[in-house]
Each structure stands twice: as C-alpha cells, then as structure tokens.
Amino acid sequence: MLPQAELHVHLEGTAPPALIARIAKRNRIELPPGMLAPDGRFHFRDFLHFLNTYDLAASVIRTSEDYRNITYEYLSNVAREGGVYVELTASPDHAALVGLDDDAHYGGIAQGIDDARRDHGIESRILVSAVRNFGPEQALRVARRAAQRPHPYIVGFSLAGDERVAPAQFAPAYEVAAAAGLGCTIHAGEWQGPSAIREALKLPVTRLDHGARASEDPTLLHELAARGMTLNVCPTSNVVLGVYRSLSEHPLPHLHGSGVRVTLGSDDPPYFGASLAGEYALCAEHFGWSEQQLREVTAAAIDAAFCDEPLKAALRERLRAH
Ligand SMILES: [Zn+2]
C-alpha cells in the first residue's frame with residue numbers, strides 16, 4: 001500500500017450511517033427523518049440536498065466524545081489502507097449549532113487524532129472551516145477564533161458550503177486567518193467555473209478544494225501551474241454529485257497533464273462511496289497512473305500540507321522508505 005495523504009475531507013462527512021446511528025442512540029435522540037434512503041445510505045438528490053442531509057447527520061453529533069469517536073474511526077480506517085496524514089476539515093459552526101464550544105469540539109477531535117496516532121501511526125491536523133452560506137460576518141468570527149489557535153493542531157482556514165456565495169465577500173476572514181499564520185484554502189471550481197476560481201485566487205490561498213473546473217480555461221491552468229497552486233481534487237465526489245457525468249469526463253488527467261499540482265481527497269466518503277485509498281486506486285484503474293505518479297500525488301499533498309516542517313520531513317521519509 002502506497003503511503004497516501006489527504007487534504008480535502010470534512011470531518012462530520014466521514015461518519016457513516018451506522019456510526020451516526022450509534023451516536024444518536026447514545027445521545028438518546030431519534031435519527032432525523034429523511035436522512036437515510038430505504039437502503040440505509042444517506043439520502044440526497046443533488047448538491048443542495050446533500051448539504052441538507054449533511055446538516056441532519058451533523059445535528060446528532062453533540063459531544064466532545066462524539067467528535068473523538070468520529071475522528072478516531074476515520075483516521076483508523078484511512079491508516080489501515082495506507083494513509084499516513086490527513087488534514088481534517090472541522091466546522092465550528094456545526095459544533096456551535098448543537099451547543100459545543102471550541103474547547104469541547106477541538107478537544108474531542110485532538111483526542112481522536114492522538115488515539116489514532118498511538119494505535120495506527122497516522123498523523124492528522126485540523127483545518128477550521130467557515131460555511132459560505134452562513135455569510136461573511138460569521139466567517140469572519142470563525143476566522144478570528146481560529147486565529148487565536150484554540151488548539152495547537154489547528155493549522156489552516158477553509159471555506160465550504162454553497163459555492164454560489166462569491167469568494168470576494170470573505171476577504172476580511174482570509175486576511176485575519178493569513179495574518180495569524182494559518183494556511184488558507186477554499187472550495188472553488190466545483191459548481192462555479194473559471195471566473196469564480198479567478199476570484200478565489202485573489203484571496204491569500206495556496207490551495208483550492210476541487211478546482212476541477214479550471215480545466216475549462218487553458219490560461220487559468222497555466223496560471224495555477226505557474227503559481228504552484230495545489231488542487232485537492234475529489235473525482236468520486238464530483239461524479240456522484242453530478243459535476244461530471246462519469247470518470248471518463250473528469251478533467252483530473254488534464255489538470256495533472258497541464259503541470260498543475262493535484263492531490264486526492266474523499267470529501268465526504270460514506271456519502272459518495274469514496275475512500276482515500278479508493279481515489280488512488282481509481283486513478284490507477286481509470287486514468288492509468290503509474291505508482292510513480294501516485295507517489296507524486298502524495299508528495300504534492302505533503303508539500304501543500306499546512307503542518308510544520310518537522311512533520312512534513314517525517315512524512316516525506318515515510319514515503320521515501322516505502
Ligand atoms: Zn469539500
């Protein structure tokens with residue numbers, strides 16, 4: 001198993017229905033109606049419905065221990081399939097909706113990270129994400145709290161949610177995050193095309209989550225390559241949600257072939273039937289990528305990671321030694 005690293009996965013979105021059901025039972029709450037399809041999988045028709053189902057599942061996650069368990073189970077699964085590093089996107093807005101403060105939220109996640117490291121040798125850090133559709137003022141509040149480093153595992157700031165809310169409005173939040181030394185990334189180029197990506201590039205970001213639709217604009221691709229931007233691409237997520245009709249239409253090989261740095265992410269794995277190792281396998285099977293090319297994907301993820309240099313050096317050594 002080639003060592004893998006993942007920079008694009010949403011923590012609440014890693015919990016499969018069975019884990020959500022266990023947590024709901026422990027918290028003595030009913031599963032939200034409409035969350036599951038008759039076959040027991042998460043139920044959603046399109047992206048906005050997916051965001052709604054995600055919020056329903058997140059609403060049963062109530063305690064620090066819940067966050068610890070979700071983190072531990074996800075990282076353990078990734079480690080068993082060869083994963084060595086994950087940057088988990090955490091959403092303090094979702095935690096606040098159930099009354100969890102930052103200490104309980106990040107404390108639970110950090111405990112999961114520590115336990116997974118002890119048991120499985122995998123490393124992980126936290127990206128703090130604001131939710132676009134909660135608006136720029138709320139994003140600024142999230143960025144300000146993240147900038148105060150409520151936990152030392154917090155290494156970056158991100159923006160997720162409904163991509164139709166334009167990036168420019170979030171410039172103040174990004175300025176605060178960047179000034180505090182947090183790495184910055186943003187969801188862009190999933191549902192919106194090249195012009196929205198260009199707008200996102202005005203923010204102090206070094207990575208884009210998705211970014212796939214940059215493939216529609218050769219000049220933009222050239223700029224992304226020249227700037228050394230890293231695109232955290234999620235092919236399975238894109239196909240399941242209908243950004244592309246099939247893998248054969250997915251532009252990942254085109255992005256990679258244009259010299260743009262790419263990494264692989266599972267985004268919200270049980271929702272899409274995805275996994276980090278699965279995304280690597282898919283690139284080998286559908287795009288014919290060699291082991292050397294997949295190694296370069298992991299190397300790109302380590303280069304673009306927001307963790308400190310000593311950890312990066314240790315991760316590079318694990319990759320080299322494999
Ligand atoms: Zn995402």
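When a ligand or atom number is given, it counts from 1 through the structure's own listing order. Numbering of residues begins at 1 and proceeds along the displayed sequence.
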Separation of L241 CG from H49 NE2 (nearest 0.5 Å):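 The distance works out to 12.0 Å.
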Ring centres under 6.0 angstrom apart (Y174, F157):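 Ring-ring flag for Y174/F157: true, centres closer than 6.0 Å.
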The single option from F50, Y54, Y271 passing side chain to side chain contact (heavy atoms under 4.5 Å, CB included) against F42: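 Among the candidates, only Y271 passes.
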pair L208-M229: side-chain heavy atoms closer than 4.5 Å: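 Sidechains of M229 and L208: in contact.
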Atoms of the protein (N/O/S only) found under 2.8 Å from the Zn ion (ligand 1):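 The answer, once waters are left aside, is H8 NE2, H10 NE2, H187 NE2, D267 OD1.
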salt_bridge(D303, R316) N-O dist < 4.0 Å: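 Salt bridge between D303 and R316, a charged N being under 4.0 Å from a carboxylate O: yes.
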Residues E279 and S266: side-chain donor-acceptor under 3.5 angstrom: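 Not at all, the side chains of E279 and S266 share no donor-acceptor pair under 3.5 Å.
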